[in-house]
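Below is one structure; the comments refer to it alone.
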Amino acid sequence: MNKKQNILIIGAGLCGSLLALRLGQRGYNVTVYEMRPDLRKVDISAGRSINLAFSDRGIKAMNLVGIQDKVEPLCIPMNGRMLHDIEGNTTLAPYSGREHEYINSISRGELNALLLNEAEQHKNVTIHFNKKCKAVDFEKTTATFKDYDTNKEFIEDADIIIGTDGAGSALRKSYYLGKKFLFSFSQDYLTHGYKELSILPGENGSYKTYKNALHIWGRESFMLIALPNLDGSFTVTLFLSFDEGEYNFNNLTTKERVLEFFEKYFKDALELMPNLVDDFFENPTAPLGTVKCSPWHYKGNTLLMGDAAHAIVPFYGQGMNASFEDVVEFDKILDQEHDDWEAVFKAYETSRKQDTDAIADLAIDNFHEMKGHVNHANFREKRSLEMALEKEFPHDYSSKYSLVTFNEDVGYREAMLKGRAQDKAILNMLADGKLNINDDLKLNLEKVKTETENILEDDRIAGLKS
């Protein structure tokens with residue numbers, strides 16, 4: 001565990017650049033290889049989400065490395081979901097009954113650039129671009145790279161190799177193909193894909209619609225969302241089935257059909273998007289998948305982290321936050337002063353995997369919630385009650401969304417178990433007439449707490465708690 005050891009990180013995305021910064025701060029010699037060009041010098045958005053939802057778990061990671069004050073100017077607060085119905089009417093649904101709790105829209109590129117700049121300030125951190133990892137020999141702790149500048153391959157040796165190389169991880173692929181140990185791997189795709197579109201800025205960089213919200217056009221089997229950018233634009237994302245339903249990505253093949261689809265379902269958005277047709281046919285359609293695997297490490301040689309270990313769908317706004325939290329949790333394990341890297345990796349995976357599995361499942365739950373449930377009367381009634389409880393009893397009640405998004409010291413699994421039980425308790429009692437929105441809030445809080453505990457106890461007896 002000597003600090004002079006050489007750590008090789010594959011991938012300089014959000015997770016890899018934060019990890020390089022933190023390990024650099026801890027005094028390790030860190031070398032990072034990234035297959036893409038340096039995003040500070042060329043534009044490489046290429047259809048990947050331009051902006052992301054940044055919340056408390058991510059903020060905790062920025063505070064760990066001491067740069068939250070530099071991140072803050074990149075953020076646009078979003079206090080709630082702005083729900084757009086088919087007629088174009090809007091309703092702002094706050095994320096929390098506590099006014100200080102909100103999520104932020106942040107530019108992926110700006111944040112990544114900041115992390116790279118901060119990491120490179122450390123003499124013991126070196127970052128190379130245009131170097132694609134082809135394979136990792138996890139027994140010898142070496143990695144083979146192709147240099148896109150020279151077209152030549154080379155081998156890099158290190159004391160440990162950490163793969164933060166995303167959902168298509170070369171390290172994970174090497175584990176899978178190597179067949180040297182029992183490696184479990186699953187990759188599950190939704191039937192839906194996504195396409196990035198945009199609402200361009202108004203005059204003088206003004207916003208054409210309400211700035212401080214995550215806009216949602218939920219239409220049961222598909223949806224459109226929009227997040228604000230600092231230049232007055234909004235990044236708009238269409239989530240739609242590839243081949244199911246009257247309109248799907250496979251049959252939206254002409255300008256007329258795309259305009260007909262938007263005119264029918266997203267009329268108020270279409271009015272803000274004269275550039276829609278160009279965006280639609282220029283930008284790629286990408287799949288949405290969940291990756292789970294285990295183990296994340298081989299002996300004390302190699303480790304997977306971030307999306308390479310646990311890629312999730314984007315519907316909880318936690319992909320980046322979860323990857324940043326990986327670095328926070330890994331840092332905690334390093335503080336425990338284990339004897340060797342194998343002990344560190346084992347302890348890290350033991351403490352972390354159940355939480356990353358939980359947020360993967362929650363993200364799929366939220367997909368169904370955002371595209372459909374938000375429009376249903378019983379869901380809105382539940383949310384109204386939860387907002388009132390959070391406002392009146394800020395220390396005694398947190399919704400599932402708040403537990404996941406604003407309670408950075410509560411693990412994802414605990415947030416999932418408690419949050420799901422609360423949802424079930426409220427919805428069941430509303431349906432059975434045992435809970436009345438207009439009753440005394442203190443009485444309602446007691447009822448919800450009691451029924452939640454009963455459900456959690458039933459789950460424990462049924463063995464649903466690990």
Are R352 and I333 close enough, and set up right, to give a side chain to side chain contact (heavy atoms under 4.5 Å, CB included), and what steps lead you there?
CA-CA 11 Å; R352 188 71 183 137; I333 303 295; over 6 Å; no
[X] bridged to [Y] by N-O distance under 4.0 Å:
X    : Y    : value
K70  : E118 : yes
K382 : E386 : yes
K292 : D361 : yes

Would you please classify the geometry between the [Y] ring and the [X] ring as parallel, tilted or perpendicular, with 30° and 60° separating the classes?
X    : Y    : result
H84  : H215 : tilted
F185 : F183 : parallel
F266 : W217 : perpendicular
F330 : Y348 : perpendicular

Can you tell me if [X] uses its side chain to pair, donor with acceptor, with the backbone of [Y] under 3.5 Å?
X    : Y    : value
N301 : E139 : yes
E390 : S399 : yes
D56  : N407 : no
N112 : L39  : no
T356 : K353 : yes

What donor-acceptor contacts under 3.5 angstrom involve side-chain atoms of residues 270-281, with partners at least two apart or in another chain?
| from | atom 1 | to | atom 2 | distance (Å) |
| --- | --- | --- | --- | --- |
| N275 | ND2 | S198 | O | 3.0 |
| N275 | ND2 | S198 | OG | 3.0 |
| N275 | ND2 | D279 | OD2 | 2.9 |
| D279 | OD2 | S198 | N | 3.0 |
| D279 | OD2 | S198 | OG | 2.7 |

Short side-chain donor-acceptor distance under 3.5 Å, [Y] and [X]:
X    : Y    : value
S55  : Q318 : yes
Y210 : T90  : no
N250 : D243 : no
S107 : N229 : no
T31  : N6   : no

Does NZ or CZ of R57 come closer than 6.0 Å to the centre of the six-membered ring of Y412, within 45° of the ring's axis?
yes
For A421, side-chain contact (heavy atoms from CB on, under 4.5 Å) partners two or more places apart:
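T452, I455, L456.
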Quick check on the 6.0 Å ring-centre criterion: do [X] and [Y] meet it?
X    : Y    : result
F242 : Y189 : no
F239 : F315 : yes
W296 : H310 : yes
F222 : Y265 : yes

Any pair with a residue in residues 56-77 that passes ring-ring contact (aromatic ring centres under 6.0 Å, His included), sequence neighbours left out, goes on the list, sorted by first then second residue, please.
none
Suppose the criterion is ring-ring contact (aromatic ring centres under 6.0 Å, His included): which pairs have a residue in residues 94-121, not counting sequence neighbours?
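As it turns out, the ring-ring contact (aromatic ring centres under 6.0 Å, His included) pairs with a partner in residues 94-121, which skip direct neighbours, are Y95-Y401.
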For K132, which of M35, E153, E34 qualifies under side chain to side chain contact (heavy atoms under 4.5 Å, CB included)?
M35
Should D159 and Y28 be marked as a side chain to side chain contact (heavy atoms under 4.5 Å, CB included) after you check the CA-CA gap, both sets of side-chain angles, and the distance that decides it?
CA-CA 11 Å; D159 294 307; Y28 293 103; over 6 Å; no
Restricting to ring-ring contact (aromatic ring centres under 6.0 Å, His included), what partner residues turn up for F54, sequence neighbours left out?
none
Mind checking what makes salt bridge (Lys or Arg N to Asp or Glu O under 4.0 Å) contact with D157, not counting sequence neighbours?
none
When you look at CD of E110, are more than 12 heavy atoms from neighbouring residues, nucleotides or ligands closer to it than 6.0 Å?
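For E110, atom CD is not crowded (no more than 12 foreign heavy atoms under 6.0 Å).
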For side-chain hydrogen bond (donor to acceptor under 3.5 Å, both in side chains), just list the numbers for S221 and E244, CA-CA rounded to whole Å, side-chain angles, deciding distance to a tenth of an Å, and then say yes or no.
CA-CA 9 Å; S221 57; E244 293 168 1; over 6 Å; no
So Y298 and Y175, ring pair (Phe, Tyr, Trp, His ring centres under 6.0 Å) or not? Walk me through it.
CA-CA 8 Å; Y298 179 76; Y175 280 176; 7.0 Å; no
